Novice: 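Pasting a structure here, questions to come.
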Number of protein chains: 2
Amino acid sequence: MGVFPFATSLEVTVARPRAVPRRVENPGPEEYSLQGVLEALADPVRRTLVAQLSRADEDMRCGTFDVRVSASTLTHHFTVLREAGVIRQYYVGTSKMNALRDADMEARFPGLLQALLAAEERERDAVVAPAR
Amino acid sequence: MGVFPFATSLEVTVARPRAVPRRVENPGPEEYSLQGVLEALADPVRRTLVAQLSRADEDMRCGTFDVRVSASTLTHHFTVLREAGVIRQYYVGTSKMNALRDADMEARFPGLLQALLAAEERERDAVVAPAR
DNA sequence: AGGGTTGTTCGATCGGGGTCGTACGATGGG
DNA sequence: CCCATCGTACGACCCCGATCGAACAACCCT
């Protein structure tokens, strides 16, 4: 892909070129499938990502997730989640933000994500809080 | 669910000694995990099996499922579903019956199986009944 | 400008799982 | 008894996906 054809004289001796923020192609609700969602959520790493995102209750940067895989692997997992429609991604400067698309999921697969997250949390609690 | 209660005293005076019916080891509810269930249901073939079982609303013999895989592959899929706790299997003569463990699933992962089956049915309907 | 932070891309590896065919075992009916 | 039916066991194949390291690219800040 070509770089920028310097748009003539336009801008700008500004220190901040700013330009157009990098765009991420997030699929529309009509593009994802149950198969894709289940494949995405069948992986334990991706499930922890989603769980952390849900627990945080706000969008999270890629780097702030607590998971023990390499950066490149992490990128892969986020891509899978995004293409499945589970999360939405967008750039903020050099950071990439991740948002849980829980409303879209709920609309398309009612109850599924909620049940899944609830189950995930219950298993997590069982581990965190040992049998007494 | 369980069609026959197997009330022990059944012992018919059949000509055939009958012996002990072949036993199948079905895991207890404490043995299965969310991971196992999701892995099991992430496969499209297994999901159709479960969907057919749910739709039939009664236990089904292995051979009566409508799926285009070989017999040995089918055995494999049923094994995965059973070990995940999604179905229960038991022998009846030379046939093997399959029962959906929806109550156990509901107890352990509330709403999950139902949401999944509902989503599966909706996608199926969308295919069967084309866009008008 | 640099430089550091953040994330991506690419290629390689490697293990797991879905698939099948064939041979086998168990059961029930003639 | 023998045979047809139903499902299993085993090995082979093969593709896909999770993983990593290294090199690169975009951005922000000083």
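All values below come from the heavy atoms of this structure, side chains included, with hydrogens, waters and symmetry mates left out. A, B, ... follow the sequence lines: proteins, then strands. Residue 1 opens every chain. In this text the structure is predicted, and so the values were computed from the model without any measurement.
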Novice: Quickly work out the A:R61 CZ to C:dT6 P distance and round it to whole Å.
Specialist: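 Rounding to the nearest Å, CZ of A:R61 and P of C:dT6 are 6 Å apart.
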Novice: Nearest whole Å is fine: how far is C:dT6 P from A:N98 CG?
Specialist: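 That distance rounds to 14 Å.
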Novice: With a 3.5 Å distance limit and no angle check, can you tell me whether A:R108 reaches the backbone of A:P29 through a side-chain donor-acceptor pair?
Specialist: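 Yes, the answer is positive, given that a donor and an acceptor are paired below the 3.5 Å cut-off.
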Novice: Can you tell me how far the CZ atom of B:R101 sits from the CG atom of B:N26, to the nearest 0.5 Å?
Specialist: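 One finds 6.0 Å between CZ of B:R101 and CG of B:N26.
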Novice: Quick one: which protein N/O atoms are closer than 3.5 Å to N/O atoms of nucleotides 8-12 of chain C? Pair and distance per line, please.
Specialist:
residue: C:dT8; atom: OP1; partner: A:K96; partner atom: NZ; Å: 2.4
residue: C:dT8; atom: OP2; partner: A:T75; partner atom: OG1; Å: 2.5

Novice: With the side chain of A:S95 defined as its heavy atoms from C-beta on, choose the nearest nucleotide among C:dT6, D:dC6, C:dG21.
Specialist: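 Nucleotide nearest to A:S95's side chain: C:dT6.
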Novice: Rounded to whole Å, please give me the gap between CD in B:E83 and C1' in C:dG17.
Specialist: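 Whole-Å distance recorded here is 13 Å.
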Novice: Grab the CG-P distance between B:L81 and D:dG7 for me, whole Å please.
Specialist: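 Distance, rounded to whole Å: 15 Å.
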Novice: Looking at residues 31-52 of chain B, who's got a heavy atom less than 4.0 Å off DNA chain C?
Specialist: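 B:D43, B:V45, B:R46, in order of number.
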Novice: Of the nucleotides C:dT6, C:dC20, D:dT19, which one has an atom closest to the side chain of A:H77?
Specialist: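 It is D:dT19.
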Novice: Take the protein atom CE of B:M97 and the nucleotide atom C1' of D:dT8, then report the distance between them rounded to whole Å.
Specialist: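 The answer, rounded to whole Å, is 18 Å.
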Novice: At what distance, to the nearest 0.5 angstrom, does CD of A:E120 lie from CZ of A:R47?
Specialist: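 Rounded to the nearest 0.5 Å, the CD-CZ separation comes to 5.0 Å.
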Novice: Taking A:L49 as the fixed residue, which of A:L74, A:D43, A:I87, A:V86 is the one that meets the side chain to side chain contact (heavy atoms under 4.5 Å, CB included) rule?
Specialist: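 With A:L49 as partner, side chain to side chain contact (heavy atoms under 4.5 Å, CB included) holds for just one option, A:L74.
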Novice: To the nearest Å, give me how far apart CZ (B:R68) and P (C:dG18) are.
Specialist: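 It is 18 Å, rounded to the nearest whole Å.
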Novice: Do B:L100 and B:V80 belong to the same hydrophobic cluster, where Ile, Leu, Val, Met, Phe, Trp and Tyr are linked whenever their side-chain heavy atoms lie under 4.5 Å apart, directly or via other members?
Specialist: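 No, no single cluster joins them.
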Novice: Find the distance between OG (A:S72) and NE2 (A:H77) and round it off to the nearest 0.5 Å.
Specialist: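 Atom-to-atom, A:S72:OG and A:H77:NE2 are 9.5 Å apart.
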Novice: Starting at the 5' end of DNA chain D, which residue's closest nucleotide do you reach first, A:S70 or A:T94?
Specialist: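 Nearest-nucleotide comparison on DNA chain D picks A:S70.
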Novice: Nearest whole angstrom, please: distance from the C1' of C:dG25 to the CZ of B:R23.
Specialist: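 Atom-to-atom, B:R23 to C:dG25, this comes out as 19 Å.
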Novice: Could you report the tightest heavy-atom contact between A:N98 and A:L53, atom names first, then the distance?
Specialist: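 Result for this residue pair: O-CD1, 3.3 Å.
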Novice: Just by distance, with hydrogens left out, do B:S70 and B:T73 show a side-chain donor and acceptor under 3.5 Å apart?
Specialist: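 Checked: B:S70/B:T73 side chains pair up, N/O donor to acceptor below 3.5 Å.
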Novice: Table please: side-chain donor-acceptor pairs of residues 58-69 of chain A below 3.5 Å, with sequence neighbours left out.
Specialist:
residue: A:D59; atom: OD2; partner: A:Y90; partner atom: OH; Å: 2.5
residue: A:R61; atom: NE; partner: A:S95; partner atom: OG; Å: 3.2
residue: A:T64; atom: OG1; partner: A:R61; partner atom: O; Å: 2.7

